[in-house]
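To start, the structure itself, in structure tokens.
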Amino acid sequence: PDFISYIGESAFCGCSSLIEIKIPSTVSIIEPSTFKDCSKLTKVELSFSVTTIREYSFYNCSLLKEIIIPPSVLFIGEACFYACSSLKEISIPPSISSINSFAFYGCSSLTEVVINSLITSIEDSAFSECSSLTRINIPSSLSSIKSFAFRGCSSLKEMIIPSSVEMIENSTFAGCSSLTKIIVPP
């Protein structure tokens, strides 16, 4: 309903029968753990008024297949989509500057990530254990890829790292058993 302006932390946490949610235009922040462990949630529709998706918001929503992050979103919190194992693709809007730690950890059905933004960092374990990930485009704005960022992405075959990247930390590509080519432009 359009009269709701605030949805509190863990408000729907563990609602195991919740299938679909549409966030009204009156809500701007998805608080921590709001939909955590909603095991049957398949679709989320965020309004263009949402600016912040806090940590653990959709943690372990294992049947979540569809979410479009609108360009109004400025922040995606730590472990926000952790273990959303049915999520197949995600597009990061231009408004996001960093992909936080564990943001998409264990999204085992995720095959493609499109980063349409001015991302400057991919934080620790952001895409770890995304075992179906075959493609990710990295923008030329990226300057750092943190530890374990792509660890266990066993389907990732090729990585083009832009010349803007100044730092690749420990074990970033550990366990990427299909990785055959890394391109680093001069």
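Along the sequence shown, the residues carry numbers beginning at 1.
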*With distance as the sole criterion, is a donor-acceptor pair present between the side chains of S147 and E169 under 3.5 Å?*
yes
*State the OG-CG distance between S91 and N137, to the nearest 0.5 angstrom.*
8.5 Å
*For residues L179 and F150, determine if any side-chain heavy atom of one lies less than 4.5 Å from a side-chain heavy atom of the other.*
no
*Has the side chain of S95 got a donor or acceptor atom that lies under 3.5 Å from a matching backbone atom of V73?*
yes
*Do any N or O atoms from the side chain of S141 and from the backbone of I119 form a donor-acceptor pair under 3.5 angstrom?*
yes
*Report yes if some heavy atom in the side chain of M159 is under 4.5 Å from a heavy atom in the side chain of I138; otherwise report no.*
yes
*What do you reckon, is CD1 of I68 surrounded by more than 12 foreign heavy atoms closer than 6.0 Å?*
no
*Any side-chain heavy atom of I4 sitting closer than 4.5 Å to one from V27?*
yes
*Measure from the side-chain N and O atoms of S86 to the backbone N and O of S62, and report whether any donor-acceptor pair falls under 3.5 Å.*
yes
*Compare all side-chain heavy atoms of F48 with those of S25 and state whether any distance is below 4.5 angstrom.*
no
*Please confirm whether the backbone N or O of S131 pairs with a side-chain atom of S155, one donor and one acceptor, at under 3.5 Å?*
yes
*4.5 Å side-chain heavy-atom contact, L46 and I67*: yes
*Test applied, side-chain hydrogen bond (donor to acceptor under 3.5 Å, both in side chains); reference residue, S121; option that passes from S143, S98, S144*: S98
*asked:* So does S140 get a backbone contact from the side chain of S164, meaning a donor-acceptor N/O pair under 3.5 Å?
replied: yes
*Say whether, by atom type as modelled, one donor and one acceptor occur between the side chain of D124 and the main chain of S101 under 3.5 angstrom.*
no
Review item, side-chain donor-acceptor pairs of residues 107-114, under 3.5 Å, at least two apart:
residue	atom	partner	partner atom	Å
S109	OG	S85	O	2.6
T111	OG1	K88	O	3.3
E112	OE2	R135	NH1	2.6

_Taking L156's backbone N and O only, do any of them form a donor-acceptor pair with S178's side chain (distance below 3.5 Å, no angle check)?_
no
*Could you check whether the rings of Y82 and F102 sit parallel, tilted or perpendicular, using 30° and 60° as the cut-offs?*
tilted
*asked:* If you define the side chain from C-beta out and look only at heavy atoms, does anything of M167 sit under 4.5 Å from K146?
replied: yes
*Take F58 and K36 through the test side-chain contact (heavy atoms from CB on, under 4.5 Å) and record every step on the way to the result.*
CA-CA 5 Å; F58 298 98; K36 180 180 178 185; over 6 Å; no
*Has the side chain of S28 got a donor or acceptor atom that lies under 3.5 Å from a matching backbone atom of S49?*
no
*Can you find a pair of side-chain heavy atoms, one from I115 and one from L142, that are under 4.5 Å apart?*
no
_Closest heavy-atom pair and its distance - C130, F104_ = SG-O, 3.1 Å
